[in-house]
Amino acid sequence: MNMKILVVGGGGREHAIAWRLSQDSCKPTLFCAPGNAGTVGVAQTVPISAEDVPALVAWAKVNRPDLTVIGPEVPLCLGITDAFNAEGLRVFGPCQAGARMEGSKLFSKDVMTAAGVPTARSFGFTNETEAIDALDQFDLPVVIKADGLAAGKGVVIAQTRTEAVEAINSMLVEAIFGKAGAEVLIEDFLEGEEASILALVDGEHTVILPSSQDHKRIFDNDQGPNTGGMGAYSPAPVVTEDLIPYIKEQIILPVVRELKKRGIVYKGVLYAGLMIGKKGINVLEFNARFGDPETEAVLPRIAGDLIPALQACIDGNLHDGLIQVRPEAAATIVMAAGGYPGTYKKGDEIKGLEAAAKVKGATVFHAGTSLKDGKVVTAGGRVLAVTALGTDLKSAVACAYDAAKLITFTGAQYRNDIAQRAFNR
Ligand code: AMP
Ligand code: GLY
């Protein structure tokens, strides 16, 4: 019988994961909860929210997937892995204690400090007056962060002391992030170029997946507010080949060992957000999952089978031979709804998907889409992640734009400078 795999989540990352798993030689039967209008092409839809852990456990107890792959951070931080394991179900993704690497920036900093991982100097505060007093010890700009999960909005780069005080006040006093902001970190601002490293981890060993770079701001030339990510490309030339052993030996493995010392066997993806600059490499943050949209650019570059590597993470026998990388480069253009990252409309029909899918080398991953009366409509801020492979980054980017230009929906917006940093080097 075919292997059954459940993918938890409903964004572009989960479509890319399900799409990639569907190409494995064992031809698994795939399920996606809750999925989107794109995942229906490769997986059966399970209409359960990714954050409803009890309902997902109940579904899995009946349907017995051989493997479950968790996309987003919220279910991981809620302990979905522990809950599935308690029922004898295999899960790719860290346990709740491990997911604190993303769920608590203070915990993550503490682990980094103990492990000797390079990161910005920072201090944690629960008291507003103490936090404001501590600003004297920092140059401007200064970084203010909420400790907990804040859907990517918990970081403020304050250019002035007034902005820093406002940020501290909004988190500690006004509690705009609720409990997630009950403790804040004040951190040195780091300069440089950002890159994302997704590392597979089996509790002891790691395999570093191809590097990538996200585009966090909404507008070209990194202008405007932060988003969940407006595009990605892989490889990121800022991560030169000689940096990979350093990232493995000085960043990923020390964290894995430090967690093990604390009784936490970390299995899944450990995502390191890096700042590479004059002061060398520093870790900005860790995430406990595949990045979005990085995954849409990285997974198409994996050759051969992916499932054995995910299984090895669970079984503790991960090694480099399990991952083969295609020589092509990949680019992903996120098409977002008008108004995003502010308020935006849902339910607009998306046209041109079939034409875009015919562009050779391109794949359209769905992010915020749903089916309405047989039509694909917008259902989120980030709507599509249009991805292409190319013999080099230039051709990948050109191909992804060729496909994106064929797609229309009311208010559609996307950046026109994906991978420009790589070309400007
Ligand atoms: P984080 O959620 O910690 O990754 O922060 C979100 C974004 O804020 C990062 O991708 C960076 O662009 C920026 N950021 C976070 N910490 C720092 C820092 N110490 N210095 C400069 N930029 C930062
Ligand atoms: N692309 C950033 C993230 O996944 O957190």
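Order of appearance sets the numbers: ligands from 1, and atoms from 1 within every ligand. The structure displayed is predicted, hence computed values, not measured ones.
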Novice: Think Arg121 forms a cation-pi with Phe138, using NZ or CZ under 6.0 Å from the six-ring centre and within 45 degrees of its axis?
Specialist: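 Yes - Arg121 lies over the ring of Phe138, closer than 6.0 Å to its centre and within 45° of its axis.
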Novice: Pull out every atom of ligand 2 sitting under 4.0 Å from any heavy atom of Gly291, numbered as shown with elements.
Specialist: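 This gives 4 (O) as the contact atoms.
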Novice: Ring-plane angle category for Tyr401 and Tyr414, please: parallel below 30°, perpendicular beyond 60°, tilted otherwise.
Specialist: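 It falls in the tilted class, 30° to 60°.
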Novice: Which of the atoms in ligand 1, numbered in the order shown and given with their element, are less than 4.0 Å from a heavy-atom of Glu187?
Specialist: 16 (N), 18 (C), 19 (N)
Novice: Does ligand 1 have any atom sitting under 4.0 Å from a heavy atom of Asp188?
Specialist: yes
Novice: Of Leu185, Val155, Thr119, Leu149, which has the heavy atom at the shortest distance from atom 5 (O) of ligand 1?
Specialist: Val155
Novice: Answer yes or no for Tyr271: is there a heavy-atom contact with ligand 2 below 4.0 Å?
Specialist: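 Yes, Tyr271 has heavy atoms under 4.0 Å from ligand 2.
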Novice: Within 45 degrees of the axis of the six-membered ring of Phe290 and under 6.0 Å from its centre: does Arg13 put its NZ or CZ there?
Specialist: no
Novice: What atoms in ligand 2 come closer than 4.0 Å to a heavy atom of Asp214?
Specialist: 1 (N), 2 (C)
Novice: Check this for me - ligand 1, Asn226, N or O atoms closer than 3.5 angstrom, yes or no?
Specialist: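 In this structure, Asn226 places no N or O atom under 3.5 Å from an N or O of ligand 1.
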Novice: Give a yes or no on whether Lys153 atom NZ has more than 12 heavy-atom contacts from other residues, nucleotides or ligands under 6.0 Å away.
Specialist: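 Not more than 12 within 6.0 Å, no.
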Novice: Using a 4.0 Å heavy-atom cut-off, say whether Glu191 meets ligand 1 through its side chain, its backbone, both or neither.
Specialist: neither
Novice: Would you kindly specify which portion of Leu190 sits under 4.0 Å from ligand 1, judged on non-hydrogen atoms: side chain, backbone, both or neither?
Specialist: both
Novice: Donor-acceptor check, side chain of Thr387 to backbone of Thr332, threshold 3.5 angstrom: yes or no?
Specialist: no
Novice: Below the 3.5 angstrom mark, is there an N/O of Asp292, backbone or side chain, next to an N/O of ligand 2?
Specialist: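 Yes - when backbone and side-chain N and O of Asp292 are compared with those of ligand 2, one distance drops under 3.5 Å.
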Novice: If we count only N and O atoms by modelled type, under 3.5 Å, do the side chains of Asp214 and Ser196 hold a donor and an acceptor together?
Specialist: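 Checked: Asp214/Ser196 side chains show no N/O donor-acceptor pair below 3.5 Å.
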Novice: Please determine whether the number of non-hydrogen atoms from other residues, nucleotides or ligands lying under 6.0 Å from atom CD of Glu241 exceeds 12.
Specialist: no
Novice: Hey, which atoms in ligand 2 end up nearer than 4.0 Å to a heavy atom of Glu294?
Specialist: 1 (N), 2 (C), 4 (O)
Novice: Can you name the atoms of ligand 2, numbered from 1 with element, that are less than 4.0 Å from a heavy atom of Asn287?
Specialist: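 Listed by number with element, the hits are 5 (O).
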Novice: Taking 4.0 angstrom as the limit and counting only heavy atoms of Lys145, give me the atoms of ligand 1 inside it, by number and element.
Specialist: 3 (O), 15 (C), 16 (N)
Novice: Picking from Val201, Leu310, Asp202, Ile323, what satisfies side chain to side chain contact (heavy atoms under 4.5 Å, CB included) with Leu318?
Specialist: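 When Val201, Leu310, Asp202, Ile323 are each tested with Leu318, the side chain to side chain contact (heavy atoms under 4.5 Å, CB included) holds only for Asp202.
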Novice: Suppose I only count heavy atoms of Lys105 and a 4.0 Å limit; which atoms of ligand 1 are within that range?
Specialist: 2 (O), 3 (O)
Novice: Which heavy atom of the protein is the closest neighbour of atom 13 (C) of ligand 1, given with residue, atom name and distance?
Specialist: Ile157 CD1, 3.9 Å
Novice: Establish, for the pair Lys394 and Phe423, whether the NZ or CZ atom is under 6.0 angstrom from the six-membered ring centre and no further than 45 degrees off its axis.
Specialist: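 Output yes; distance and angle both within limits.
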Novice: Around atom 5 (O) of ligand 2, find the nearest protein heavy atom and jot down its residue, atom name and distance.
Specialist: Arg289 NH2, 2.8 Å
